[in-house]
Structure formats: C-alpha cells, structure tokens
Amino acid sequence: MILTKPREMLEEWAKVYGKNTDIIECYSMDSVVDIETKLINMKDRIGVDYYLTGYSGGVRYQPVVRYYKVHVYVNSLDLEKVISYLGCEKTSFGSNLTLFVPYDDSVLMNWQYIDNSQVVSPVQMYLDGININGRSEVLAEVILEREILKVR
C-alpha cells in the first residue's frame with residue numbers, strides 16, 4: 001500500500017491531534033540555551049529522559065526560526081523530578097518552558113539524536129509544531145517539506 005496524499009493525511013491528522021497530551025507551562029530564570037543544556041545533562045545527572053519538540057526540536061532539523069521557549073516531552077512519573085532539576089516553577093502565564101506528557105509511547109517512536117539532543121521524529125515534530133502558536137507553524141511546514149516529504 002502506498003500513501004498517495006501524505007501532506008493531506010498529515011494535515012488532517014494534525015487537526016485532531018494532541019487532545020490527550022497533558023501540557024505543563026513553566027517559568028525558568030535560565031535562558032533557552034541553559035535550559036536545553038540542563039536537559040542534555042539530565043539523563044546522566046538524574047537518570048531521566050527527555051525528547052525535544054516544538055521550537056527546540058524543530059530547529060535541530062531545520063534552523064529556520066528564532067525561539068524563546070523550550071518544548072520538551074517528559075514522562076509523567078518524572079515530571080516533579082524534572083521541574084525540581086530544572087529549577088523552574090509552574091505558571092499560568094509568561095512561560096518559557098513547556099513540558100509535554102506523552103499520552104502513550106507512540107509519541108516517542110523513532111526519536112533521534114541531533115546535536116547531542118534527544119529529539120522527537122519529524123512526523124511528531126510536525127504534529128506538535130503545527131499546533132503551537134506562533135512561528136512554530138512555519139517551522140512545522142518546513143519540516144514537512146524537507147524532512148518528511150523530502151522536497152528540496
């Protein structure tokens with residue numbers, strides 16, 4: 001079986017995607033670079049995995065936007081440990097860190113190491129990016145074109 005309209009399929013999927021994902025908004029005094037560096041070191045320091053998505057993950061595939069917010073998946077069982085390790089606090093406004101809790105393991109299938117970071121797959125990146133407000137939609141479209149559909 002060959003998928004004849006992959007773009008249309010992903011666009012439709014993105015419209016209904018993400019309803020079961022828990023999202024925790026946080027604020028950190030650290031810069032985006034410092035937060036991402038802490039995440040890279042987190043596995044060795046406290047034994048917790050992370051998977052970049054949104055702006056943080058997307059620019060590792062295609063660096064086409066500037067960003068001021070980190071988006072990352074963490075396991076629900078590790079959530080409080082991650083918040084403590086990163087030295088951030090939950091907030092309802094002004095966040096610079098979004099923690100996504102995957103609803104099941106399929107979200108993390110085919111993740112990759114890029115620039116020493118654990119990053120969700122291009123398909124997952126597209127699904128997440130298209131649903132984040134701001135320039136992440138532009139980033140998601142570039143990932144769709146260049147990483148998934150392989151249009152150059």
Gap between atom CD1 of I143 and atom CZ of R60 - 0.5 Å precision: 11.5 Å
Check the surroundings of atom CE in M109: do more than 12 heavy atoms from other residues, nucleotides or ligands lie under 6.0 Å from it? no
Distance-minimising heavy-atom pair for G129 and S136: O-OG, 2.8 Å
Rounded at 0.5 Å granularity, tell me how far CG in L144 sits from CD in E137. 13.0 Å
Taking all non-hydrogen atoms of both residues into account, name the closest pair between Q124 and T53 and its distance. O-OG1, 4.5 Å
Does Y67 belong to the same Ile/Leu/Val/Met/Phe/Trp/Tyr cluster as V33, with side-chain heavy atoms less than 4.5 Å apart forming each link? no
Taking every non-hydrogen atom, the tightest pair across S76 and V101: CB-CG1, 3.4 Å
Does the side chain of N75 reach to within under 4.5 Å of the side chain of D49, using non-hydrogen atoms? no
Rounded distance (nearest 0.5 Å) linking atom CG of N131 with atom CD1 of I23: 8.5 Å
When you compare the side chain of D78 with that of M42, does any pair of heavy atoms fall below 4.5 Å? no
Within the 4.5 Å heavy-atom criterion, are Q112 and Y61 side-chain neighbours or not? yes
Inter-residue atom distance Y85.OH - R45.CZ, 0.5 Å rounding: 5.0 Å
According to side-chain hydrogen bond (donor to acceptor under 3.5 Å, both in side chains), who are the partners of S31, at least two apart in sequence or on a separate chain? D34
Would you tell me whether E36 and S117 have side-chain atoms, one donor and one acceptor, within less than 3.5 Å of each other? no
Quick one: pull up OG1 in T91 and CD1 in I24 and give me the separation to the nearest 0.5 Å. 13.0 Å
Judged by atom type as modelled, is there a donor-acceptor pair below 3.5 Å linking the side chain of N96 to the main-chain atoms of V32? no
Tightest non-hydrogen contact, residues L99 and I83, listed as CD1-CG1, 3.7 Å
ring-ring contact (aromatic ring centres under 6.0 Å, His included) contacts touching residues 25-54 (sequence neighbours left out): Y51-W111
Measure the OH-CG distance between Y55 and L139 for me, rounded to the nearest 0.5 Å. 8.0 Å
Salt-bridge criterion met for E12 and K5 (N-O under 4.0 Å): no
Of all residues at least two apart in sequence or in a different chain, which pass the ring-ring contact (aromatic ring centres under 6.0 Å, His included) check with Y126? none
Distance only, no hydrogens: is a donor on one side chain within 3.5 Å (strictly under) of an acceptor on the other, for S121 and N110? no
side-chain contact (heavy atoms from CB on, under 4.5 Å) between V123 and W13, intermediate numbers included: CA-CA 11 Å; V123 169; W13 188 4; 3.8 Å; yes
For L86 versus D30, what's the shortest heavy-atom pair and its separation? O-OD2, 4.0 Å
Are K81 and I46 packed together at the side-chain level, in the sense that at least one heavy-atom pair is separated by less than 4.5 angstrom? yes
Same cluster (ILVMFWY, side-chain, under 4.5 Å), V74 and Y103: yes
What verdict does the side-chain contact (heavy atoms from CB on, under 4.5 Å) test give for V70 and L39, after you've listed the backbone C-alpha separation in whole Å, the side-chain angles of each residue and the deciding distance to 0.1 Å? CA-CA 10 Å; V70 176; L39 288 167; 4.0 Å; yes
Which one of K90, E25, E89 satisfies the side-chain hydrogen bond (donor to acceptor under 3.5 Å, both in side chains) criterion with S95? E25
Taking every heavy atom of E147 against every heavy atom of P122, the minimum-distance pair comes out as CB-CB, 4.0 Å
Are V119 and Y113 connected into the same hydrophobic cluster when the rule is that any two of I, L, V, M, F, W, Y join if their side-chain heavy atoms are below 4.5 Å apart? yes
Distance alone, cut at 3.5 Å: any donor-acceptor contact between the side chains of S106 and D104? yes
